[in-house]
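The structure under discussion appears below in the form of structure tokens.
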Amino acid sequence: MKIVLSLVAFLMPVQMLLAKSHDIPTAADYVIVGVGTAGAVMARELSDDKCTSVVALQVGENLTEVPVIKYSAGALATVLDGTVGPPFYDNGFTVPQPNADDRQLLWAVANPEGGASSINAGAYCRSTKEFNAKWEAAAGPLWSVKRLQKVYKKLENYHGRTDDPSLRGYHGPLEVQQSKAPSTIARKFTKAIIRATGFDYVEDYNDPKTPIGISSKVQYTHHGKNGKYRVSSVNAFLDDDVVTDDGYGKHGRQLRILFDSMALRTIWDGTKAIGVEYILDGESRTVYAEKGIIVCAGLMSSPFLLHSGVGASSLLDSLGIPVVFDNPNVGQGLCDQPSIRMVFSVNPNDFIPNPNELFTQISWLPAVGGDPAVREIRIATASPVAGITLFILDLCQPKSRGSITINSSDPLDPPLVDLGTLTDSRDLDTLQDALQVYVKNINDVLSQKDPSYELLIPPPFILDDSDLVRAFIRETIASNEHFQNHCKMAPLDQGGVVDSRGAVHGVRNLWVADNSVVPCMDGSPMSTGYLVARNIANILKGR
Ligand SMILES: Cc1cc2nc3c(=O)[nH]c(=O)nc-3n(C[C@H](O)[C@H](O)[C@H](O)COP(=O)(O)OP(=O)(O)OC[C@H]3O[C@@H](n4cnc5c(N)ncnc54)[C@H](O)[C@@H]3O)c2cc1C
């Protein structure tokens, strides 16, 4: 059966084959696993010529019109929903993290079409030139600083405070807006952080010359007639002009998105990937791919490869999964940008309810006493209700690494996630210094100016005691769901899972094109999700 379908698909490569009775495609040129941040770009790019056929499998539904997703103001609610689960998230708990008091941290992956871009906080920050130079050194000229800058510009439709066409893109699909009138609270924090840390205000932290400093947030958002709309990968790449709400390509586009469709594993002809087994409405199905399969499943890309037989042979043998290629690197090196969440009291008179004011103040700082040109710490504040402000301090370039793996041959069983939280002691040191110097000084400056501004959590007295600070960090550190690096782009003998074209080592016709291939980056990771998909699409299209 497989051979016959594959043969028919070969004879009719540009026509999507349909099982007439169910209107479900059974073959295409490309099959995409996951229509998330990166997968939407891939679906759009590969089907743009109107003759390449694409079937894209998405585990969740199209929820783009649900108001809390549609409007930027819903971001706080959708982010907090990570603790709840479906329909916005699939979540679980990590294995106990010994350096975080043996706690099992929550991890969450986005369920609807658009993936994390449909439910996240929407902060836009590119990777820095320094980071991209390291990426180029590891991955070669297809990932050169110059090429990545060009791709960023092509993706971007920038509305910010600066105007430099050599740096910014103005015609791309991703509209990004810089907060124009931050609230009184955001302005007070901005001033205090400048005084307390000694770093300046910067207009544009995406300008390669000013990656460090205190600024106002740039967000994926669009001003529409009913307010600000979220710019997700769905409305940026798969809007009404491209595909119908129920997933049919428009204007002759050979694209079909299948919702509620969970990809289980790759179908092989030897080491050549020829199709995907998946579940739709509880029924097991197959779809064949003439040219190949592109995995864009985010955190789930490693589990998909493992269930497909690409991974450590010792693990796969123990689970009875036939080994297609023995690569112990799959799922290793997982990094996050973990977060310490604090709370300040603020003057209730300064509060103006504005649900769009999520993280309007944003600061990119080096480690205390570290290289002043290297981003290590991000501070963002949000004031959802009168009287308090959330003060979130993230580690931008953690040194700790974890893993994601499987412990069952059933793809429906959850993966085993180990974030490796604080396994590298340098991360705890960096966070400790940030709390004892940056946070302490910010609290002092703010409370001197207006005593109603004061650190509530943790109580400020602990900031003078290193042991108490370290204990607070271990007790409260949380995942930011910024998962990268577990299908690393590198040569096989350097921990790689994919090569510089995104092709999976050791097999044919299988690519990974999402944030899982990115080395742990120093900005906000959604930008690299888009970047990777667009660059690998360019490579596949010979651009
Ligand atoms: C709550 C939250 C807040 C965040 N805030 C920000 C922020 O403000 N700024 C920022 O830059 N980054 C943020 N991030 C991180 C950023 O959104 C992600 O790193 C990035 O979007 C990941 O892109 P991706 O394409 O790799 O994965 P995803 O966007 O997660 O896409 C993967 C897709 O694959 C689907 N899928 C998974 N498994 C299967 C399967 N077996 N079959 C079919 N489909 C499958 C998923 O449903 C999903 O749609 C946030 C993330 C979260 C979760």
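We count ligands from 1, going down the list as the structure has it; atoms in each ligand are counted the same way. Note that this is a predicted model, so its numbers are computed, not measured.
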| task | Using modelled atom types only, decide if a donor and an acceptor are shared between the side chain of Thr405 and the backbone of Leu416 within a distance under 3.5 Å. | result | no
| task | For atom 11 (O) of ligand 1, find the nearest protein heavy atom and state the residue, atom name and distance (0.1 Å precision). | result | Met526 N, 2.8 Å
| With a 4.5 Å heavy-atom cut-off, do Leu258 and Tyr278 have their side chains touching? | yes
| query | Hey, mind stepping through Arg168 and Asp207 against salt bridge (Lys or Arg N to Asp or Glu O under 4.0 Å) and telling me if it holds? | reply | CA-CA 8 Å; Arg168 310 309 306 233; Asp207 180 333; over 6 Å; no
| note | among protein heavy atoms, the one nearest atom 15 (C) of ligand 1 is His482 CD2, 3.5 Å
| When you look for heavy atoms under 4.0 Å from ligand 1, do you find them on the side chain of Tyr89, its backbone, both, or neither? | side chain
| said: Please check whether Asn515 reaches ligand 1 - meaning an N/O of the residue sits under 3.5 Å from an N/O of the ligand, judged on distance alone. | reply: yes
| query | Quick one: does Ala123 get an N or O within less than 3.5 Å of an N or O on ligand 1? | reply | yes
| request: State the atoms of ligand 1, each with its element, that fall below the 4.0 Å cut-off from a heavy-atom position in Ala38. | output: 25 (O)
| query | Applying a 4.0 Å heavy-atom criterion (strictly less than), which segment of Pro112 is in contact with ligand 1: side chain, backbone, both, or neither? | reply | backbone
| message | Can you report which non-hydrogen protein atom sits closest to atom 39 (C) of ligand 1, along with the distance? | response | Ala297 CB, 4.1 Å
| task | State whether the number of non-hydrogen atoms from other residues, nucleotides or ligands found under 6.0 Å of Lys150 atom NZ is greater than 12. | result | no
| said: Please compare Gly115, Gly34, Ala513, Cys296 and report which has the shortest non-hydrogen distance to atom 32 (C) of ligand 1. | reply: Cys296
| Counting both backbone and side chain atoms, is some N or O of Thr37 under 3.5 Å from an N or O of ligand 1? | yes
| field | Atom indices of ligand 1 within 4.0 angstrom of Gly122 heavy atoms, with elements | value | 7 (C), 8 (O)
| Does Ser117 reach the main-chain N or O of Ser233 with its side chain, forming a donor-acceptor pair under 3.5 Å? | yes
| query | Taking C-beta and beyond as the side chain, do Trp143 and Leu148 meet within less than 4.5 Å on heavy atoms? | reply | yes
| said: Between Thr476 and Ile340, is there a side-chain heavy-atom distance shorter than 4.5 Å? | reply: yes
| Quick one: does Asp48's side chain get under 4.5 Å of Arg253's, heavy atoms only? | yes
| task | Could you list the atoms of ligand 1 found under 4.0 angstrom from a heavy atom of Asn111? | result | 47 (O)
| Has Val35 got any heavy atom lying under 4.0 angstrom from an atom of ligand 1? | yes
| request: Please confirm whether Ser261 comes under 4.0 Å of ligand 1, counting heavy atoms of the residue only. | output: yes
| remark: Within 4.0 Å of some non-hydrogen atom of Met262, the atoms of ligand 1 are 41 (N), 42 (N)
| task | Please determine if Gly60 has a nitrogen or oxygen closer than 3.5 Å to a nitrogen or oxygen of ligand 1. | result | no
| field | Contact partition for Ser233 relative to ligand 1, non-hydrogen atoms under 4.0 Å | value | neither
| Which is it for Thr64 and Asn62 under the side-chain hydrogen bond (donor to acceptor under 3.5 Å, both in side chains) test, yes or no, and what are the steps along the way? | CA-CA 6 Å; Thr64 312; Asn62 175 359; 2.7 Å; yes
| task | Please report which non-hydrogen protein atom sits nearest to atom 28 (P) of ligand 1, along with the residue it belongs to and the distance in Å to one decimal place. | result | Ala116 N, 3.8 Å
| Out of curiosity, is Gly529 lining ligand 1, as in a heavy atom under 4.0 Å away? | no
| said: Within 45 degrees of the ring normal and closer than 6.0 Å to the centroid, is that where the cationic atom of Arg230 sits relative to Tyr71? | reply: no
| query | Given that the side chain starts at C-beta and the backbone is N, CA, C, O, which of these parts of Glu481 lies under 4.0 Å from ligand 1, counting heavy atoms, or is it both or neither? | reply | both
| Does Arg44 count as lying over the ring of Phe237, i.e. NZ or CZ under 6.0 Å from the six-ring centre, within 45 degrees of the axis? | no
| note | Judged by heavy atoms only, the candidate from Leu264, Ile362, Asn120, Val512 nearest atom 2 (C) of ligand 1 is Asn120
| Does the Thr528 side chain pair with the main chain of Leu531, one donor and one acceptor, at a distance under 3.5 Å? | no
| query | Which atoms of ligand 1 have any heavy atom of Ala121 under 4.0 Å away? | reply | 3 (C), 4 (C), 5 (N), 8 (O)
| said: Ignoring hydrogens, what is the shortest heavy-atom contact between Ala56 and Val35? Give both atom names and the distance. | reply: CB-CG2, 3.5 Å
| field | Check: Ile377 and Leu393 side chains under 4.5 Å, non-hydrogen atoms | value | yes
| field | Protein heavy-atom partner closest to atom 38 (N) of ligand 1 - residue, atom, separation in Å | value | Met300 CB, 3.4 Å
| field | Whether Asp204 side chain and Thr162 backbone form a donor-acceptor pair below 3.5 Å | value | no
| task | Report the residue from Val512, Asn515, Ile404 that forms a side chain to side chain contact (heavy atoms under 4.5 Å, CB included) with His486. | result | Ile404
| note | In this structure, atom 31 (O) of ligand 1 is nearest to the protein heavy atom Gly36 CA, 3.3 Å
| If you measure from each heavy atom of Gly39 to ligand 1, is any distance below 4.0 Å? | no
| field | atom 40 (C) of ligand 1: nearest protein contact (heavy atom, Å) | value | Ala263 N, 3.7 Å
| Among protein heavy atoms, which sits nearest to atom 44 (N) of ligand 1, and what does the distance come to when rounded to 0.1 Å? | Val59 N, 3.2 Å
| Using heavy atoms and a threshold below 4.0 Å, how should the contact between Pro525 and ligand 1 be classified: side chain, backbone, both, or neither? | both
